Amino acid sequence: MNYKDKLDEILMKVQKPSCYVGGELNSVVKQKEEVDFRFAFCFPDTYEIGMSHLGMKILYSLLNKNPHIWCERVFAPAADMEEQMRRHGILLYGLESLEPIRDCDMIGFTMQYELSYTNVLNMLDLAGVPVLAKDRHGLAPLVVAGGPCVCNPEPLVDFVDLFMPGEGEEVLPEICALFREYKRLGKSKEEYLRAVAQIEGVYVPSLYDVEYHEDGTVKAINAREGAPNPVKKRIIRDLDKVFYPEEFVVPFSEIVHDRAMVEVLRGCIRGCRFCQAGFIYRPFREKSHDTLNRDSRSLCDSTGYDEVSLTSLSTSDYSEIEPLLDKLLSWSEEEKVNLSLPSLRIDNFSEELIEKISRVKKSGLTFAPEAGTQRLRDVINKNIDEKEIFDSCRLAFAAGYTSVKLYFMMGLPTETMEDIGGIIDLAQRIVGEYHRVPNRPAGKAVHVSVSVAVFVPKPFTPFEFEPQDTREQVEKKVRYLLDQNNSRKISVKYHDFDTSFLEAVLARGDRRLSPVVYRAWKKGCHFDSWQEHFHFDRWMEAMEECGLDPAFYANRARPYEEVAPWSHLDYFIDKSFLVRENKLAHQAATTPHCRERCAGCGASKLRGGVCFEKTEDVV
């Protein structure tokens with residue numbers, strides 16, 4: 001059924017109707033009779049957030065390059081739209097065809113954040129698709145998922161047929177091609193899952209059995225029917241050769257990141273011990289500045305955007321950053337195109353770099369010291385010192401900046417109240433640096449914004465063994481933090497404990513949490529990352545009804561020898577390396593970054609990237 005007529009009736013009753021109609025510039029509409037495979041690409045959050053996600057833009061364009069495949073975009077409708085859809089019997093549909101996605105061959109989710117898990121269930125239910133994988137018997141629709149959260153997909157195994165750990169540009173077309181073949185041959189879902197599990201970078205959870213000890217910890221994870229153990233992630237070895245879109249879909253309404261985005265690099269050389277992305281995206285790989293300049297120009301031409309964002313985990317670690325900016329500025333200034341450089345590092349923030357970015361756009365600068373004292377920055381292996389922090393701020397102030405945002409974490413391993421007080425002390429000293437700059441902006445006051453998140457231990461990091469702070473510990477530290485600030489020039493914001501606690505539970509959870517996710521959704525939980533929709537009490541009720549203690553997952557220190565729920569997935573980060581780094585953290589000892597010395601994390605097995613140039617230095 002085409003829902004156009006029904007949509008005409010309800011769209012005037014919702015706040016943002018442009019999010020639900022499709023038809024945007026550069027969207028891909030095909031004739032369904034001319035394709036033999038339809039893929040519903042689902043982002044489990046609203047249009048404004050999902051349309052900002054670069055991975056979705058890449059894979060949407062990649063799949064639609066194949067004349068036999070039609071990939072459509074699907075987003076979670078906001079509460080007002082969901083209410084209208086359920087009232088009028090409108091099933092969740094793709095924006096390109098305006099037809100129900102339950103008629104697609106494959107429904108794919110990109111899992112960016114643990115608190116979007118219930119949105120997956122809600123979207124399947126809105127689509128008229130059975131939420132539980134065991135209740136979906138035919139080959140189609142097959143439910144698949146990728147993204148950073150699938151480095152531990154166990155809390156979702158009851159709902160998803162297969163996961164794709166790692167990067168998707170190669171593996172996703174492969175699983176689609178195999179599906180097309182098995183569909184043509186009339187094969188069953190079970191036959192397809194056994195076959196697709198042999199593709200590197202595919203995890204089929206139904207082919208694995210988990211045994212537990214009496215204390216609730218994992219005893220063993222056993223593969224069946226020839227499934228691989230471990231399952232290796234997929235990576236793209238040469239970023240200059242990988243597909244990148246020449247055009248993006250241009251939204252009708254404003255989205256969170258409403259600009260052209262070019263991916264500068266993947267991975268990270270730094271080794272911050274809390275940062276999951278810095279480890280699961282290894283090895284470090286860059287694109288050439290010629291490729292990036294070409295991509296930036298073509299995207300501006302095809303979309304009309306007047307801003308280009310150079311995206312990565314650490315853009316200023318790009319080895320050709322200044323030649324790249326020279327090339328971009330050679331045309332962007334004349335064409336009034338702004339350049340945005342998120343993810344700048346304090347320790348390589350140079351006068352030349354700030355001069356180039358200031359020529360186009362001047363806004364507030366953001367840095368992430370993460371910890372308030374040098375001792376704790378060494379514990380987390382941030383590898384920056386106070387001199388570098390103050391030097392960077394002085395450069396910014398001298399260049400005319402008056403606003404600095406600082407990101408910190410609370411509850412880091414070995415943290416003391418002295419470290420908490422150091423957050424405000426650092427902010428106050430930065431204010432002082434502003435007033436010592438002789439050529440600071442005249443007549444303008446400085447403002448330092450401090451944002452403090454609660455530390456969440458994540459898989460495949462050296463801190464995966466660490467407990468999260470309890471509510472009582474966090475509340476005590478928040479009170480102390482606020483009491484230390486007596487300056488109007490410093491504002492302090494801190495994250496909600498309940499959402500961070502649930503994130504920790506789901507991040508390090510096992511597959512016994514799948515029934516918890518299901519019960520929480522049945523109690524009305526979805527959009528859990530949105531404060532106005534979050535119901536912590538319902539989640540705790542679901543945990544209790546399933547006989548599970550959330551503190552077991554979030555607040556418990558894990559011995560090195562414990563089998564992790566994700567131990568059957570291989571992200572090329574050796575556990576011995578994580579143990580070694582954890583021990584160094586407790587000694588407040590740092591590890592040099594990859595360009596200085598290979599730390600032996602395990603990514604050298606892949607043979608490529610900067611961290612393989614000095615393999616003789618592996619410790």
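All residue numbers in this chain count up from 1 along the given sequence. Keep in mind that this is a model prediction, so the values were computed, not measured.
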> Is the number of heavy atoms from other residues, nucleotides or ligands within 6.0 Å of NZ (Lys523) greater than 12?
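Yes, enclosed.
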
> About how many Å separate OH of Tyr182 and NZ of Lys189, when rounded to the nearest 0.5 Å?
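It comes to 15.5 Å.
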
> Looking at the rings of Tyr60 and Phe41, which for Trp means the six-membered one, are their centres under 6.0 Å apart?
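No, the ring centres sit 6.0 Å or more apart.
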
> Give me the atom names and distance for the closest heavy-atom approach of Arg194 to Leu207.
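Smallest interatomic distance, heavy atoms only, reads CA-CD1, 4.2 Å.
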
> Under the side-chain contact (heavy atoms from CB on, under 4.5 Å) rule, what do Leu139 and Phe179 come out as? Steps first, then yes or no, please.
CA-CA 9 Å; Leu139 180 58; Phe179 188 101; 3.5 Å; yes

> Does Asp125 come within less than 4.0 Å of Arg86, counting only side-chain N to carboxylate O?
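Yes, Asp125 and Arg86 are salt-bridged.
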
> I'd like to know if Arg266 and Glu169 make a salt bridge, using a cut-off of under 4.0 Å between side-chain N and carboxylate O.
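Judged by the 4.0 Å cut-off on N to carboxylate O distance, Arg266 and Glu169 do form a salt bridge.
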
> Between Lys57 and Glu263, is the closest basic N to carboxylate O distance under 4.0 Å?
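No salt bridge links Glu263 with Lys57.
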
> Step by step, would you call Phe163 with Val231 a side-chain contact (heavy atoms from CB on, under 4.5 Å)?
CA-CA 10 Å; Phe163 297 92; Val231 176; over 6 Å; no

> Report the relative orientation of the aromatic rings in Phe455 and Phe463; use parallel for angles under 30°, tilted for 30 to 60°, perpendicular for over 60°.
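Ring orientation, 0 to 90° scale: perpendicular.
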
> Quick one, Tyr518 and Leu121 - any side-chain contact, counting heavy atoms below 4.5 Å?
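Yes, their side chains come closer than 4.5 Å.
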
> Please report the shortest heavy-atom distance between Cys104 and Pro141, naming the atom on each side.
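For Cys104 versus Pro141, the nearest heavy atoms are O-CB, 3.4 Å.
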
> With the threshold set at 4.0 Å, does a side-chain nitrogen-carboxylate oxygen contact exist between Glu167 and Arg285?
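Yes, this pair counts.
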
> Could you walk me through whether Glu545 and Lys522 pass salt bridge (Lys or Arg N to Asp or Glu O under 4.0 Å), step by step?
CA-CA 13 Å; Glu545 290 169 6; Lys522 293 293 281 186; over 6 Å; no

> Verify whether one side chain among Gln112 and Asp45 offers a donor that lies under 3.5 Å from an acceptor in the other.
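There is no such pair between these side chains.
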
> Given salt bridge (Lys or Arg N to Asp or Glu O under 4.0 Å), test Arg508 with Glu562 step by step and report yes or no.
CA-CA 13 Å; Arg508 293 196 299 177; Glu562 182 176 326; over 6 Å; no

> List the steps and the verdict of side-chain contact (heavy atoms from CB on, under 4.5 Å) for Lys405 and Ser451.
CA-CA 8 Å; Lys405 188 168 187 177; Ser451 179; 4.2 Å; yes

> Kindly state whether the ring of Tyr203 and the ring of Tyr208 have centres lying under 6.0 angstrom apart.
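Yes: the rings meet the under 6.0 Å criterion.
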
> Would you kindly say whether Asn582 and Tyr560 are connected by a side-chain donor-acceptor distance under 3.5 Å?
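The answer is yes; a qualifying pair exists.
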
> State plainly whether the residues Asp158 and Arg511 are in salt-bridge range, i.e. N to O under 4.0 Å.
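No.
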
> Do Thr217 and Asp215 have side-chain atoms, one donor and one acceptor, less than 3.5 Å apart?
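Looking only at side-chain atoms, Asp215 and Thr217 do form a donor-acceptor pair, the distance falling under 3.5 Å.
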
> So, Gln276 side chain and Pro459 main chain: donor-acceptor pair closer than 3.5 Å or not?
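Flag set: sc Gln276 to bb Pro459 pair under 3.5 Å.
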
> Ignoring hydrogens and angles, state whether a donor on the side chain of Arg273 or Thr591 is under 3.5 Å from an acceptor on the partner side chain.
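There is such a pair between these side chains.
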
> What's the shortest heavy-atom distance between His533 and Ala79, and which atoms?
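Distance-wise, the nearest heavy atoms are CE1-CB, 4.1 Å.
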
> Give a yes or no on whether a salt bridge exists between Glu418 and Arg375, defined as a side-chain N under 4.0 angstrom from a carboxylate O.
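Salt bridge absent between Glu418 and Arg375.
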
> Any side-chain donor paired with an acceptor under 3.5 Å for Thr590 and Asp378?
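Side-chain D/A pair, Thr590 to Asp378: absent.
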
> Does Arg519 come within less than 4.0 Å of Glu541, counting only side-chain N to carboxylate O?
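Looking at Arg519 and Glu541, the cut-off is not met.
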
> Any heavy-atom pair between the side chains of Asn119 and Phe109 that's under 4.5 Å?
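Phe109 does not reach Asn119 side chain to side chain.
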
> Can you establish whether the number of heavy atoms outside Lys575 located under 6.0 Å from its atom NZ is more than 12?
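More than 12 within 6.0 Å, yes.
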
> Applying side-chain contact (heavy atoms from CB on, under 4.5 Å), run through Val131 and Phe159 and close with a yes or a no.
CA-CA 6 Å; Val131 167; Phe159 321 110; 3.8 Å; yes

> How close do Thr414 and Asp419 get, counting heavy atoms only, and between which atoms?
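The pair with the smallest heavy-atom distance is O-OD2, 4.1 Å.
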
